[in-house]
Structure formats: structure tokens, C-alpha cells
Amino acid sequence: MTNQISTRLMNLFIRFRHCEDGATLVEYGIALGLAVTLGAGALVTLGTDIGLTMGDASAAMPRTPTE
């Protein structure tokens, strides 16, 4: 039983290795992961900068007394 499974897995790996579609899929996966990581980093950086700028603008505004 385990011999059949290992033989099937070996055949699957050999077929996957020779198939160009698998390599393309992996390349797209890596590119997508990189794009998501860069996008998330940009959003975090911009979000922090925008938050600080809005805080500075709010602090610079004159205060009105509340009743």
C-alpha cells in the first residue's frame, strides 16, 4: 500500500516537473505574493504618514469653546 502511494507521488512529481504550466503557476504565485506584500507595506506607511499629518493639522486649528 505505501509502495503504491510513493510510486504515485513520484510519478506526480515527475509529471509536474516536466509540465510548464506548473512553473508558470508558481511564478504567478510568487509575483502575486510580492505584489500583496509591497502593497500592504505601502498602505501601512502611507496610513501612518496621513494619520500624523491629520493630527498635526488638527493641533494647528484654533480651538472653539464648547458650551
Side-chain angles (χ1 to χ4, degrees):
M1 180 74 174
T2 57
N3 192 21
Q4 288 177 342
I5 293 172
S6 63
T7 303
R8 286 185 182 190
L9 283 174
M10 185 62 76
N11 288 337
L12 179 67
F13 288 136
I14 289 170
R15 191 175 60 197
F16 184 72
R17 186 175 169 199
H18 293 293
C19 181
E20 292 292 325
D21 294 336
T24 303
L25 183 62
V26 170
E27 291 167 358
Y28 282 131
I30 291 171
L32 179 63
L34 182 61
V36 167
T37 303
L38 291 174
L43 287 176
V44 167
T45 301
L46 288 175
T48 302
D49 289 345
I50 291 171
L52 290 173
T53 302
M54 291 299 223
D56 291 344
S58 174
M61 291 182 171
R63 302 273 181 213
T64 57
T66 57
E67 294 180 43

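Reckoned from all heavy atoms, side chains included, excluding hydrogens, waters and symmetry mates. On a predicted model such as this, the values are computed, not experimentally measured, just so you know.
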Q: Roughly how far, to the nearest 0.5 Å, is the OG1 atom of Thr7 from the CG atom of Asn3?
A: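 Going from CG on Asn3 over to OG1 on Thr7, the span is 4.5 Å.
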Q: Which ILVMFWY residues are connected to Ile50, directly or by a chain of links, through side-chain heavy atoms under 4.5 Å apart?
A: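 Met54, listed by chain and number.
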Q: Using a 3.5 Å cut-off and no angle test, enumerate the donor-acceptor pairs between side-chain atoms of residues 37-46 and protein atoms at least two apart in sequence or in another chain.
A:
| from | atom 1 | to | atom 2 | distance (Å) |
| --- | --- | --- | --- | --- |
| Thr37 | OG1 | Gly33 | O | 2.8 |
| Thr45 | OG1 | Gly41 | O | 2.9 |

